[in-house]
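Structure record follows, encoded as structure tokens.
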Amino acid sequence: MRGQHAGLDREQTWSDETTHAVHESLVPRVEFVHEADPDDPQWKIAAYESPVGERLWHATAVPVEIMRVLLGSLASTDSAGIAAGSMVSEETIAEATRPLADARWGHTVDGRWIHWQAVEDHPAGVQFDAFTAHSHHSALPAWTFWGGGACTLRWALHFSTYAPASVLQDVALEVAQEPVTARTRRMNTLSRTDIRAQPTRRASPARGR
């Protein structure tokens, strides 16, 4: 969406293997791998300091329909805030996971990890790795959203440190309201509605560093 509501726009690449969606500001970018292996990320997201600056945070995902929510969140008019992300603090963690608390998800602390588990035995959860979040050199994700069947993991979203609390909150709200289990599917193409700004339901403002 151009003008007042900046969005993601589709950009053809030099390869038939990937498609890129790039924000008008050129700082949030999405790469879609058409034929990724089942266990490899099909979606790769990154936000940069400037069109030619350093990467500030990134995320990956295996095939999952909830990517529509994530793409809509990335297409926010606040592209600079999205790209800059959020500093890790008790306040930003609370804001990012507020939808889980509102949905009465339980949470436990296990050493470096905080786990949130869906109610009523829904196979979905969220994990925050405090050690990774405070390590500048770790390649591990700070946040993981996951869902599965009875015995296997079917989908996962991984976010690095400094992922914006508002984006995490949008994903948490969708998972809390309707746990994503058997809805996973492989999207072989990106349609215009996949990559343009979509309305998202936010529990409360969660911007900031």
Side-chain angles (χ1 to χ4, degrees), residues 1-2 5-76 79 82-83 85 123-127 139-149 151-164 166-168 170-175 178-200:
M1 186 178 296
R2 300 279 178 185
H5 301 289
L8 296 168
D9 201 3
R10 182 172 177 173
E11 177 180 302
Q12 297 291 341
T13 66
W14 54 87
S15 171
D16 292 335
E17 297 177 355
T18 62
T19 298
H20 288 190
V22 182
H23 196 277
E24 289 179 339
S25 64
L26 303 182
V27 286
R29 307 170 196 174
V30 179
E31 178 184 309
F32 177 77
V33 182
H34 298 169
E35 299 296 335
D37 292 334
D39 294 330
D40 291 340
Q42 191 170 25
W43 299 86
K44 300 177 182 179
I45 299 162
Y48 295 84
E49 188 175 30
S50 69
V52 294
E54 295 183 357
R55 188 176 69 179
L56 298 178
W57 63 271
H58 63 278
T60 61
V62 296
V64 61
E65 189 169 310
I66 201 174
M67 279 298 302
R68 297 179 185 275
V69 173
L70 179 52
L71 292 176
S73 188
L74 291 173
S76 165
S79 61
I82 291 294
V126 178
Q127 176 178 283
L140 298 174
W143 291 91
T144 299
F145 293 74
W146 62 269
C151 301
T152 59
L153 182 70
R154 294 195 177 184
W155 66 268
L157 295 177
H158 299 287
F159 293 88
S160 69
T161 304
Y162 308 127
S166 62
V167 172
L168 296 170
D170 286 338
V171 174
L173 180 60
E174 181 71 7
V175 173
E178 186 176 358
V180 185
T181 54
R183 294 191 298 143
T184 57
R185 64 190 176 109
R186 182 173 294 275
M187 301 178 188
N188 291 321
T189 60
L190 280 174
S191 69
R192 179 63 59 183
T193 55
D194 289 332
I195 60 177
R196 300 297 286 183
Q198 299 294 319
T200 54

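Residues: numbered from 1 along the sequence shown. None of these values were measured; they are calculated from a predicted model.
What you find for L168 and A163 is that their closest heavy atoms are CD1-O, 3.9 Å. S79 and P28 make their closest contact through O-CG, 4.4 Å (heavy atoms, listed as atom of the first residue, atom of the second, distance). Closest of all the heavy-atom pairs between H20 and T18 is NE2-OG1, 4.1 Å.
Interatomic distance, OG of S73 versus CD1 of I82, reported as 5.0 Å (0.5 Å rounding). The distance from the CE atom of M67 to the CD atom of E174 is 12.5 Å, given to the nearest 0.5 Å. Distance NE2/H58 to CZ/F159: 11.0 Å, rounded to 0.5 Å. Between D170 atom CG and L71 atom CG the span is 11.5 Å, to the nearest 0.5 Å. Atoms CD1 and CH2, from I66 and W155 in turn, are 5.0 Å apart once rounded to the nearest 0.5 Å. Once rounded to the nearest 0.5 Å, the distance linking CD of Q42 with CG of D40 reads 10.0 Å.
Residues satisfying the side-chain hydrogen bond (donor to acceptor under 3.5 Å, both in side chains) test with T144, not counting sequence neighbours, are H158.
Contact check for W43 versus L70: no side-chain heavy atoms found under the 4.5 Å cut-off. With contacts defined as side-chain heavy-atom distances shorter than 4.5 Å, the pair W143/L157 does not qualify.
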Could you tabulate the donor-acceptor pairs under 3.5 Å formed by side-chain atoms of residues 44-54, not counting sequence neighbours?
| residue | atom | partner | partner atom | Å |
| --- | --- | --- | --- | --- |
| S50 | OG | V52 | N | 3.4 |
| S50 | OG | G53 | N | 2.9 |

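The main-chain N or O of A83 is found under 3.5 Å from a side-chain atom of W57 such that the two form a donor-acceptor pair.
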